[in-house]
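Worksheet: the structure to be examined is printed underneath.
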Amino acid sequence: MTETLLDVQDLSIAFTQGGRTVTAVDRISFDIKKGETVALVGESGSGKSISALSVLKLLPYPAASHPTGKLLFKGDDMLTASEDKLRKVRGNDITMIFQEPMTSLNPLHTIEKQIAEILSLHKGLSGTAARERVIELLTQVGIRDPEKRLNAYPHQMSGGQRQRVMIAMALANEPELLIADEPTTALDVTVQAQILELLTELQKKNGLSMLFITHDLGIVRRISDRCCVMQKGKIVEHGPTEDIFSNPQHEYTQHLLSSEPKGNPPETDTSAPLVLKADDMKVWFPIKKGLMRKTVDHVKAVDGISLELREGQTLGVVGESGSGKTTLGMALTRLISSEGKIAFVGKEINEYSFKQMRDYRDRMQVVFQDPYGSLSPRMSVGEIVGEGLTIHRTDLNASQREELVVNALAETGLDPETRHRYPHEFSGGQRQRIAIARAMVLEPKFVMLDEPTSALDMSVQAQVVDLLRDLQEKRGLAYMFISHDLKVVKALANEVIVMRLGKVVEQGSSQQIFENPQTDYTRALMAAAFDIKATHASEIEQ
């Protein structure tokens with residue numbers, strides 16, 4: 001019989017603030033055996049992360065408390081353990097990888113110093129011995145030429161490389177249990193696939209047990225032996241992963257499994273009026289060196305791209321981080337300078353000044369990736385949605401503007417009565433609806449959607465995709481949909497551009513790109529996104 005490493009019994013977590021106590025996790029139980037991966041899956045706010053943080057007592061005590069339960073690690077209750085005992089367990093026997101490596105790594109210290117610090121603290125290693133172990137760990141997690149990366153700082157590494165460094169830090173002391181809290185959410189699909197493959201390999205090699213926290217069911221199926229589905233602080237279903245996927249019992253699990261974006265993109269209509277056309281677009285950023293700051297080279301963020309976008313059509317732009325997707329969108333909307341022709345509703349706008357562009361801004365709107373960052377926390381929802389009207393529709397009085405705001409909120413599935421509230425009072429999905437309402441209230445012709453669903457749970461993502469499709473059908477909108485999530489692009493876009501390092505590597509109809517990709521790079525993207533075998537997936541730069 002396999003030995004149980006972690007046994008969570010009847011665990012509750014409560015938070016007290018201002019005399020009010022809220023129970024966030026309510027009597028959950030699960031266990032993890034040696035060498036096993038258990039996934040905690042559920043949407044934002046379900047209690048996954050705080051349950052994992054409880055294992056190491058990393059919650060904000062005394063505001064946090066445990067009204068009931070035990071957390072037995074190798075038979076010892078972590079909830080009642082002394083600080084000395086917890087210090088020995090943390091980073092030694094149990095380690096943790098967090099969601100966003102850039103905020104977890106110290107920006108002022110080199111990679112070598114950050115990993116060596118753990119070895120010094122827990123193993124007493126220093127000097128040459130510590131350096132050799134750091135190189136060994138970086139090699140183990142797949143960092144190329146690790147000796148050359150020792151003096152690198154976090155900002156000098158890609159997202160995937162930073163996450164590999166985080167894994168190296170977590171493995172430094174050869175732990176028995178690894179807690180991975182959404183470790184791939186912020187990564188491109190190909191990098192995500194590499195990290196999952198790496199974790200699986202390391203687990204087999206080192207006999208690790210793993211608690212994997214995610215809202216992505218595709219990852220759960222790929223990596224876990226058993227999973228626990230969480231909703232509103234409770235485990236509503238648990239069991240072997242394959243059983244839960246093939247025969248879900250609870251309605252919430254069924255809802256999660258049916259939440260992938262569905263539906264078909266608009267039919268391609270070559271006779272529809274042309275909204276936007278670009279010819280040989282370039283955005284080159286100069287690299288300057290020396291005392292005189294001479295331009296010695298350029299970063300070719302967008303390098304010779306041509307495209308057309310018609311009324312009622314969606315152009316999907318896909319590629320990994322740094323491929324130039326967002327730069328292309330910013331240049332098309334004239335938010336940054338570029339070379340090459342840009343025609344919007346028949347007018348060449350590439351030479352227009354900021355002032356001249358003002359007359360076109362209402363018909364050319366943007367919805368950004370992070371709604372919380374793009375909405376002013378000091379303005380009410382009504383003020384945010386109506387702000388564009390005060391600039392572009394000076395012929396309207398206050399009550400007419402209010403009516404348009406109410407209509408826009410209703411159209412995007414929000415209660416107009418909430419327009420007097422502020423962004424922090426809404427969920428992520430509701431905030432993205434507010435951002436969409438802000439764009440739609442001006443009745444645009446073209447909307448650039450820059451990763452508008454990547455920060456959202458899967459079921460909310462599906463709702464936003466449905467909303468965007470409905471608005472497009474009703475208004476004949478032209479969308480440019482920028483994303484690294486190919487499942488969402490497949491549901492929305494009828495034409496697709498695949499970008500890499502500023503260039504188009506493949507361009508064509510959605511059906512052609514998804515069903516018969518022509519380049520190794522596109523095939524690798526498809527393999528990572530849809531979990532299919534591709535011989536060239538490993539060739540993608542890590």
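Given the structure is predicted, the values throughout are model-derived calculations rather than measurements. Side chains included, hydrogens not; waters and symmetry mates left out as well; all remaining heavy atoms used.
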Exercise. Any chance the side chains of Asp10 and Thr68 put a donor and an acceptor closer than 3.5 Å?
Worked result: no
Problem set entry | Donor on one side chain, acceptor on other, Thr253 and Glu237, under 3.5 Å | yes
Exercise. Hey, is the main chain of Asp485 close enough, under 3.5 Å, to the side chain of Ser483 for a donor-acceptor pair?
Worked result: yes
Problem set entry | Nearest non-hydrogen partners of Thr453 and Gln461, listed with the distance | O-NE2, 3.0 Å
Seminar exercise, completed: Heavy-atom closest pair (His122 atom, Arg87 atom, distance to 0.1 Å) is CE1-O, 4.0 Å
Problem set entry | Gap between atom CD1 of Ile28 and atom SG of Cys228 - 0.5 Å precision | 8.0 Å
Exercise. Will you find, in the side chains of Thr21 and Thr16, an N or O donor that is under 3.5 Å from an N or O acceptor?
Worked result: yes
For this session: Answer yes if the side chains of Thr519 and Thr522 hold a donor-acceptor pair under 3.5 Å, and no otherwise.
Result: yes
Exercise. Do Glu320 and Tyr521 have side-chain N/O donor and acceptor atoms under 3.5 Å apart?
Worked result: yes
Exercise. Is the backbone N or O of Ala39 less than 3.5 Å from a side-chain atom of Ser224, with the two atoms forming a donor-acceptor pair by type?
Worked result: no
Exercise. Counting only heavy atoms not in Lys88, do more than 12 sit closer than 6.0 Å to its NZ atom?
Worked result: no
Problem set entry | Donor-acceptor contact below 3.5 Å, side chain Gln254 vs main chain Pro248 | yes
Exercise. Do the side-chain N and O atoms of Thr37 and Gln203 include a donor-acceptor pair separated by under 3.5 angstrom?
Worked result: yes
Problem set entry | Gln156 and Arg149 side chains, donor-acceptor separation under 3.5 Å | no
Exercise. Aromatic rings His250 and Tyr252: how do their planes relate, parallel, tilted or perpendicular, breaks at 30° and 60°?
Worked result: perpendicular
Problem set entry | Any side-chain donor near an acceptor of the partner, Asn151 and Thr110, under 3.5 Å | no
For this session: Nearest 0.5 Å please: distance from the CG atom of Leu486 over to the CG atom of Leu525.
Result: 6.0 Å
For this session: Begin from the C-alpha positions of Gln518 and Arg523 and carry the test side chain to side chain donor-acceptor pair (under 3.5 Å) through to its verdict.
Result: CA-CA 7 Å; Gln518 299 298 302; Arg523 281 194 285 269; over 6 Å; no
Problem set entry | CG on Leu105 to CE on Met169, rounded to 0.5 Å | 5.5 Å
